[in-house]
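Accompanying notes for the structure given below.
Note: hydrogens, waters and symmetry copies are ignored here, and every other heavy atom, side chains too, is used. As the structure is a computational prediction, the values presented were derived from the model and not from experiment. Each chain gets a letter, A, B and so on, in the order its sequence line appears, and its residues count up from 1.
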Protein chains: 2
Amino acid sequence: MSSVVEYKNGKPTIKNVETFCSLTNFALPRSDTSFRELFKEIDKKVKGEHPKVTQGALNNCHGDWYEWLIAIQAWNYRIKYQKRQLMLLLPNISRADLASLYVEGLNNHLVDLRLKVEKSNNVKLITSNPDFVILDIDEDKLPSLDEEPITQVTPQNIRYLEECYKHFIGKCNFNNIVGYFSVKTSLRPDRRLQLAHEGSLLKALYVHLQTRDWIIEPIGLKYYAASQSVTKADREGLQTVATHSITNVQSIPQAAVDHVFSIDNINEIESALSEIIIY
Amino acid sequence: MSSVVEYKNGKPTIKNVETFCSLTNFALPRSDTSFRELFKEIDKKVKGEHPKVTQGALNNCHGDWYEWLIAIQAWNYRIKYQKRQLMLLLPNISRADLASLYVEGLNNHLVDLRLKVEKSNNVKLITSNPDFVILDIDEDKLPSLDEEPITQVTPQNIRYLEECYKHFIGKCNFNNIVGYFSVKTSLRPDRRLQLAHEGSLLKALYVHLQTRDWIIEPIGLKYYAASQSVTKADREGLQTVATHSITNVQSIPQAAVDHVFSIDNINEIESALSEIIIY
DNA sequence: TCGCGCCGGCGCG
DNA sequence: TCGCGCCGGCGCG
């Protein structure tokens with residue numbers, strides 16, 4: 001236990017992965033265990049032994065824990081139900097732009113768009129990376145993955161899931177990237193708009209690729225979100241339109257966020273995945 | 001001093017206005033006093049007497065303090081330089097939607113747009129209210145305001161500035177609302193995107209009004225932002241395009257945020273206002 | 001009671 | 001060193 005917090009000049013630093021693995025005893029929570037409660041208990045243990053740990057440090061960890069639990073379950077879902085679609089963790093944008101997942105030709109369209117946009121008016125196309133990308137391996141060209149379910153919460157397994165996206169860099173065609181998924185343990189009226197922005201911009205980029213390759217009937221790009229609890233105001237706030245679709249009367253207004261799931265235990269992850277992962 | 005924090009069931013609550021007025025001695029800071037340092041000192045005093053005050057409570061207050069200082073300076077700027085443009089605080093959206101500032105005809109276009117968008121695809125047009133609206137009183141129809149500068153930081157003066165927008169509800173024509181201004185004491189890579197979303201959506205609504213009224217050469221809508229410190233990454237992140245402007249090749253890509261100002265003292269407010277308030 | 005919009009303190013690469 | 005993207009705890013109406 002004392003090993004999960006390090007001190008640097010008297011300032012405690014939570015070792016995120018080790019804390020989560022050690023304090024969950026390396027096991028997945030029961031399928032009806034509330035993540036909220038689970039995180040609260042872990043917090044209590046950490047704070048009990050290390051009173052100087054800040055709320056901000058715990059906030060930071062909660063976000064990762066939530067992503068890991070969903071990533072593990074998504075991994076197992078693909079294997080259990082033998083789906084060709086899969087959901088993978090993405091790193092932050094300074095480690096890898098999600099456009100780099102596309103094959104060279106499509107990536108070049110996006111690079112070209114960014115360059116031209118920037119050149120014409122000193123303007124950029126910037127958003128954060130979503131937490132997950134949803135791939136559809138409908139062609140043999142994409143690498144196949146291990147078929148081993150993940151049953152233990154270990155640093156090795158977490159690291160494996162966090163790096164999995166690397167296999168697909170430069171390999172995805174237009175129809176291989178079918179959606180994105182961003183998750184937050186909690187929402188606030190201001191923070192939930194980050195999701196709307198992300199969804200809106202990702203969909204605008206998709207429409208751009210569609211136009212450049214003149215794809216008449218695209219399968220469409222889904223953008224999903226999830227949180228441990230979702231109020232009516234959250235749902236309404238997240239029904240915001242993808243702004244590119246409202247300025248001319250021809251296009252049908254399109255939601256930036258297609259659906260927001262309430263996910264606070266493993267059963268609820270499973271249920272969300274059954275709507276997200278169709279094939 | 002003890003009066004600025006109230007206790008409810010042992011839980012401290014900062015009385016925001018009273019704290020700021022009392023701990024600044026009801027005076028505006030010197031024109032080169034760093035707001036950062038000022039807020040830090042106030043925090044220290046509050047925490048010194050009330051150790052149970054949380055970081056979250058102070059965060060909440062900092063946002064208001066920053067807005068008030070800018071609102072006071074904007075008020076005085078108009079009078080000092082006899083400008084016909086003015087910058088007013090806006091309330092949060094549950095108190096008054098900013099569309100309500102427009103005259104009935106224009107407001108109806110926006111109501112109509114919201115209805116049709118919602119009806120067609122269960123999608124809404126949602127963003128937070130910006131902190132300030134920038135008005136141009138270029139017609140005699142708009143109410144005129146007091147010409148008294150504000151030299152004291154008092155609850156009465158702050159309340160006055162917070163309610164000033166009410167005079168303009170239902171009174172603004174297309175060319176009376178020339179811009180918005182949102183401010184944050186600090187930025188983060190995720191939170192700065194809230195500004196991009198807000199700017200993008202406000203500009204899309206403006207384009208919609210322009211289309212409905214078929215206004216050929218609109219004066220344009222500006223969206224500005226400010227923070228106590230702005231990094232290169234912040235500037236680049238905020239150069240994000242207003243997404244409606246990139247999906248067809250005819251329109252020129254337009255920035256969601258026209259300019260981000262670094263404002264940490266009264267001189268810097270003055271300097272920003274000289275770029276924002278032109279006429 | 002709850003919705004709004006506020007923001008600092010992270011762990012990591 | 002800094003950029004990324006994390007999120008709870010507010011004061012107020």
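Comparing the local axis fitted to the first five base pairs of the helix from C:dC2-D:dG13 to C:dG13-D:dC2 with the one fitted to its last five gives a bend of 20°, rounded to 10°.
Using a 30° and 60° split on the angle between ring planes, A:H197 and B:H197 fall in the perpendicular class, above 60°. Taking the six-membered ring where tryptophan is involved, the planes of B:F261 and B:F181 are perpendicular, since the angle between them exceeds 60° and thus also 30°. Note: A:Y7 and A:H50 have tilted aromatic rings, judged against thresholds of 30 and 60 degrees for the angle between ring planes.
Closest-nucleotide positions on DNA chain D for A:I93 and A:N59 were compared, and the one nearer the 5' end corresponds to A:I93. For the pair A:R191 and B:N92, nearest-nucleotide mapping onto DNA chain D gives the more 5' position to A:R191. Mapped onto DNA chain C by nearest heavy atom, A:T231 and B:T185 fall at different nucleotides, with A:T231 at the one closer to the 5' end. Place B:T127 and A:N60 on DNA chain C by their nearest nucleotides, and B:T127 ends up nearer the 5' end.
Looking at heavy-atom distances under 4.0 Å, B:N129 makes contact with sugar-phosphate atoms alone, never a base. No engagement by A:R36 is indicated, since no non-hydrogen atom pair under 4.0 Å with the nucleic acid exists. Among the heavy atoms of the strands lying under 4.0 Å from B:D131 are primed sugar atoms or P, OP1, OP2 only; no base atom is included. Among the heavy atoms of the strands lying under 4.0 Å from A:S128 are primed sugar atoms or P, OP1, OP2 only; no base atom is included. Across all strands, B:G56 comes closer than 4.0 Å to base atoms (heavy-atom distances). Contact annotation for A:K11: backbone-only contact, meaning every heavy-atom pair under 4.0 Å involves sugar-phosphate atoms and none involves a base. As judged by a 4.0 angstrom heavy-atom cut-off over every strand, B:T13 is placed among residues touching the sugar-phosphate backbone only. Within 4.0 Å (heavy atoms only), B:D190 reaches at least one base atom of the nucleic acid.
The local environment of NZ in A:K222 is sparse, with at most 12 non-hydrogen atoms from other residues, nucleotides or ligands closer than 6.0 Å.
With sequence neighbours excluded, no residue satisfies ring pair (Phe, Tyr, Trp, His ring centres under 6.0 Å) with B:Y66. For A:N265, the side chain to side chain contact (heavy atoms under 4.5 Å, CB included) test picks out A:N267, A:E268, with sequence neighbours left out. Here B:Y160 pairs with B:W75 under the ring pair (Phe, Tyr, Trp, His ring centres under 6.0 Å) rule; sequence neighbours left out. Contacts of B:S94 classified as side chain to side chain contact (heavy atoms under 4.5 Å, CB included), with partners at least two apart in sequence or in another chain: B:N92.
On the nucleic acid side, DNA chain C has its first and last nucleotide under 4.0 Å of a heavy atom of chain A at C:dG3 to C:dG13, going 5' to 3'.
Salt bridge annotation for B:D264-B:R36: absent, with no cationic side-chain nitrogen under 4.0 angstrom from a carboxylate oxygen.
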